[in-house]
Amino acid sequence: MSCPELAVLGGTPLFEKPVPVGQLYFPEWEKYEAAMRGIFQRQYYTNQGPLTQELEQRLQERLQVRHVICVVNATIGLMMAADALGLRGKVIVPAYTFIATAQSLSWTGSEPLFCDVDPITHQLDPECVERLLEEHGAEVSAILAVNLWGDACRQDRLAELARKYAVRLYYDSAHGFGCELDGKPLGGAGDLEVFSFHATKVLSAAEGGCICTNDDELAARLRNIRSSYGAGPARQVLRTSNGRMSEAQAAVALLSLESFDSILARNEAMFHAYRQGLEGIQGVRLLTPASVSKTNYQYVVCEIDERAFGLNRNELQQVLSAENVVARRYFYPGLHRFVPYADQFPDASARLPVTEYLCERVLQLPIGQMIDAEGAGRIAAAIRMAGACAESIRRKLREAA
Ligand code: T4K
C-alpha cells in the first residue's frame with residue numbers, strides 16, 4: 001500500500017459498505033424461521049415462556065451459577081440489580097465505562113462516585129477504590145466494578161475491599177460473556193453480575209441480557225422486580241419494572257449460543273490478524289486481555305500516541321472512516337463529563353488522570369460477523385500506512401475542515 005491509495009488521500013475505500021465496530025452475528029435464516037414458527041404455534045410471546053426458561057437453564061449450566069435471570073437488556077438489568085441490592089448513598093464506579101453503568105444508579109436513586117482505572121488494563125483500579133472508601137466512609141454502599149473489553153478486574157482484591165469496608169460488590173460484565181478467570185467462567189463473582197446480549201456483543205439476543213447470582217434471596221427479589229410480581233416466589237420489593245425478555249429474544253440467544261464456539265474461533269483469528277498487522281507500528285498499542293485465562297475478543301482496543309504515530313486518535317478515526325471502517329471512541333468523554341455529573345463533580349477531572357488520558361487515545365476497531373481475518377489485516381495495513389503518511393493526511397484534513 002502507498003500514500004495515494006489511502007481513501008482519505010484520494011484512493012478507493014478498503015470496503016464498499018461501512019464495517020461496524022462489533023459482532024452483529026446473525027443466526028442462519030432457516031434456523032431463525034423455525035424458531036419463530038415454534039413461537040407462532042405455541043402462541044406464547046413473553047413472560048417466562050419455554051425458550052426463555054431453556055435459555056436460563058443453559059446459561060446456569062454454562063456459567064456455573066445457581067440463578068440466571070434473563071432480562072430485556074443489560075441497562076435494565078443493572079437498574080434492577082441496584083434496586084434488588086437495596087443500594088443507597090454512594091456507589092463506587094469507574095468513570096471510564098459506558099454511560100449505562102452510571103445511569104443505572106441515577107435511575108434508582110444512588111449516586112455514582114467516580115473512580116479511576118488502571119492505565120495498562122483499563123480495569124477499575126483497586127487502589128483508587130480503597131482511597132474512596134477511606135474518604136467517604138459509611139456514605140458508600142457498594143462497588144459496581146466493570147469487567148471491560150473481554151478482560152476482568154482484579155476481583156480478588158475488590159472482594160477483599162468489599163469485605164473490609166462492609167459494602168456490596170457487583171459487576172457490570174456487559175462485555176464479559178464467555179470469558180474465564182483462572183479457568184472459571186465469569187458470572188459468579190460478587191453479589192451478582194450483569195451480562196449484555198446486545199447485537200454488538202459476542203452472545204446476541206438482538207437486545208437482551210441476564211443477571212447471574214448465587215444468592216437465592218436476591219434472585220427471588222430480582223424475579224419479582226423483573227415481572228412486576230410475576231414469576232417465582234413473591235417478595236415485597238421497593239419498585240417493580242418490566243425487564244422481561246421476550247421469546248423472540250430468547251430464540252436468537254439460543255441460536256447464538258449454538259454457534260458460540262465458532263464465533264469465538266472467528267474472533268480469535270481476527271484478533272491475531274490485527275496483532276500481526278499492527279506489530280511494530282510506533283505509537284499504536286493493541287490491548288491484549290491479560291487478566292483472564294480465556295477472552296471472548298469482544299473488542300479490539302488500541303491506544304494511539306499522537307507523538308509517536310504522527311496522527312492523533314480522532315485523525316486516525318477520520319482516516320478509517322474514509323475507508324468505510326467505523327472505528328469507535330469507546331468511551332468518550334469520561335462519565336464525569338456527562339450531564340448531570342459534570343455539575344455534581346466539577347473537580348473530577350483532576351482526580352481521574354488515567355480516564356482523561358484514555359478518553360483521548362483509545363479507539364476500537366471492527367471485529368465480528370461483518371469482517372474476517374483478511375479484512376482485519378487490511379485495516380492494520382491502512383493504519384500502518386496512515387502513520388507513514390501522517391504529514392500529508394494532516395494537510396488534507398486541515399484543507400477539508
Ligand atoms: N455496560 C457496559 C460496560 C456497556 O458497554 C453496555 C453497552 C451496557 C452496560 C449496557 O448494555 P445494553 O443495555 O446495551 O445491553 C453500543 C451498544 O448499543 C451497547 O450495547 C454497548 N454497551 C456500547 C459500548 O456500544 P452505540 O450506541 O455506541 O452503538 P450502536 O449499538 O448503535 O451500534 C454500534 C455499531 O453497530 C454502529 O456502527 C451501527 C452498527 N449496527 C448496530 C445495530 C444495533 C448495525 O449495523 N446493526 C445493528 O442492528 O452503543
Side-chain angles (χ1 to χ4, degrees), residues 15 17-27 32 69-82 91 93-108 112 114-115 117 122-124 144-153 170-177 179 186 192-212 226 241-246 248-249 252-253 256 289 296 298-301 317 320-321 323-335 338 355 358-359 362-371:
F15 300 93
K17 286 193 311 189
V19 182
V21 73
Q23 312 300 327
L24 298 167
Y25 282 102
F26 277 76
Y32 180 73
I69 295 129
C70 282
V71 287
V72 67
N73 59 53
T75 304
I76 298 283
L78 286 165
M79 286 159 61
M80 289 167 51
V91 175
V93 66
Y96 188 63
T97 174
F98 193 53
I99 184 73
T101 315
Q103 287 285 306
S104 68
L105 301 169
S106 301
W107 274 101
T108 48
F114 293 118
C115 190
V117 295
H122 301 186
Q123 311 293 320
L124 184 62
L144 168 49
V146 180
N147 290 314
L148 207 62
W149 306 147
D151 202 358
C153 298
Y170 68 115
Y171 289 91
D172 174 344
S173 297
H175 301 180
F177 188 85
C179 293
L186 292 192
L192 59 84
E193 294 193 41
V194 179
F195 292 103
S196 170
F197 304 151
H198 182 256
T200 54
K201 300 296 184 291
V202 281
L203 185 78
S204 168
E207 284 279 5
C210 76
I211 309 171
C212 302
R226 172 180 61 182
S241 84
N242 177 0
R244 289 183 292 251
M245 175 181 268
S246 73
Q249 287 175 286
V252 176
S256 180
N296 57 8
Q298 172 61 64
Y299 288 103
V300 177
V301 183
Q317 190 186 25
L320 292 174
S321 170
E323 303 290 352
N324 267 331
V325 174
V326 189
R328 296 296 289 260
R329 302 183 301 179
Y330 294 135
F331 302 102
Y332 179 84
L335 298 191
F338 275 91
T355 299
L358 296 178
C359 288
V362 171
L363 193 66
Q364 279 70 25
L365 303 177
I367 187 166
Q369 174 83 77
M370 308 303 180
I371 187 179

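Residues: numbered from 1 along the sequence shown. Everything numeric in this text was worked out from a predicted model, so none of it was measured. Remember, it's 1-based here, ligands and their atoms both numbered in the order they're listed.
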Q: Please report which non-hydrogen protein atom sits nearest to atom 16 (C) of ligand 1, along with the residue it belongs to and the distance in Å to one decimal place.
A: Tyr330 OH, 3.5 Å
Q.
Do Leu144 and Thr101 have side chains that approach each other closer than 4.5 Å (heavy atoms only, starting at C-beta)?
A. yes
Q: Could you tell me the residue and atom name of the protein heavy atom closest to atom 48 (C) of ligand 1, and the distance to it rounded to 0.1 Å?
A: Leu24 CD2, 3.6 Å
Q) Does atom 5 (O) of ligand 1 have a protein heavy-atom neighbour under 4.0 Å away? A) yes
Q. With a cut-off of 4.0 Å, which atoms of ligand 1 are near a heavy atom of Thr200?
A. 17 (C), 20 (O), 34 (C)
Q: Could you tell me whether atom 30 (P) of ligand 1 has a protein heavy atom closer than 4.0 Å?
A: no
Q: Identify the residue among Tyr299, Phe98, Tyr330 that makes a ring pair (Phe, Tyr, Trp, His ring centres under 6.0 Å) with His175.
A: Tyr299
Q: Looking only at distances, please establish whether an N/O atom of ligand 1 is found under 3.5 Å from an N/O atom of Ala74.
A: yes
Q | Option among Phe195, Tyr171, Phe177 that satisfies the side-chain contact (heavy atoms from CB on, under 4.5 Å) test with Leu186 | A | Phe195
Q. Does ligand 1 have an atom that lies less than 4.0 angstrom from a heavy atom of Lys201?
A. yes
Q.
I need the nearest protein heavy-atom contact for atom 37 (C) of ligand 1: residue, atom name and distance, please.
A. Arg328 NH1, 3.7 Å
Q) Tyr299 heavy atoms, cut-off 4.0 Å: which ligand 1 atoms fall inside? A) 24 (C)
Q: Around atom 9 (C) of ligand 1, find the nearest protein heavy atom and jot down its residue, atom name and distance.
A: Asp172 OD2, 3.4 Å
(Q) Rounded to the nearest 0.5 Å, what separates atom CZ in Arg244 from atom CD in Gln249? (A) 11.5 Å
Q. Which residue and non-hydrogen atom of the protein lie closest to atom 8 (C) of ligand 1, and at what distance in Å?
A. Phe98 CD2, 3.6 Å
Q: Please check if atom OH in Tyr32 has more than 12 non-hydrogen atoms from other residues, nucleotides or ligands closer than 6.0 Å.
A: no
**Q.** Least distance between heavy atoms, Val146 atom then Pro94 atom
**A.** CG2-CG, 3.5 Å
Q: Take every heavy atom of Met370, measure it against each atom of ligand 1, and state whether any distance is under 4.0 Å.
A: no
Q. Under 4.0 Å from any heavy atom of Ser196, which atoms of ligand 1 are there?
A. 11 (O), 12 (P), 15 (O)
Q. Which protein heavy atom lies closest to atom 13 (O) of ligand 1, and at what distance to 0.1 Å?
A. Thr75 OG1, 2.5 Å
Q) Less than 4.5 Å apart, any side-chain heavy atom of Glu193 and any of Ile211? A) no
Q: Using a strict 4.0 Å cut-off to heavy atoms of Pro20, name the atoms of ligand 1 that fall inside it.
A: 36 (O), 38 (O), 40 (C)
Q. Between Pro289 and Trp149, which heavy-atom pair has the shortest distance, and what is it?
A. CG-O, 4.2 Å
**Q.** Check: Ser204 main-chain N/O paired with Ser256 side-chain donor or acceptor under 3.5 Å
**A.** yes
Q: Please work out whether any backbone atom (N, CA, C, O) or any side-chain heavy atom from C-beta onward of Phe197 is under 4.0 Å from ligand 1, and answer side chain, backbone, both or neither.
A: neither
Q) Near Thr97, which atoms of ligand 1 are under 4.0 Å from a heavy atom of that residue? A) 3 (C)
Q: Using a 4.0 Å heavy-atom cut-off, say whether His175 meets ligand 1 through its side chain, its backbone, both or neither.
A: side chain
Q: Scan side-chain atoms only and decide if Ser196 and His198 contain a donor-acceptor pair under the 3.5 Å cut-off.
A: no
Q. To the nearest 0.5 Å, what is the distance between CG (Leu124) and CG (Leu148)?
A. 10.0 Å
Q.
Regarding atom 44 (C) of ligand 1: of the candidates Arg329, Gln369, His198, Gln298, which has the closest heavy atom?
A. His198
**Q.** Separation of Asn73 CG from Met79 CE (nearest 0.5 Å)
**A.** 9.0 Å
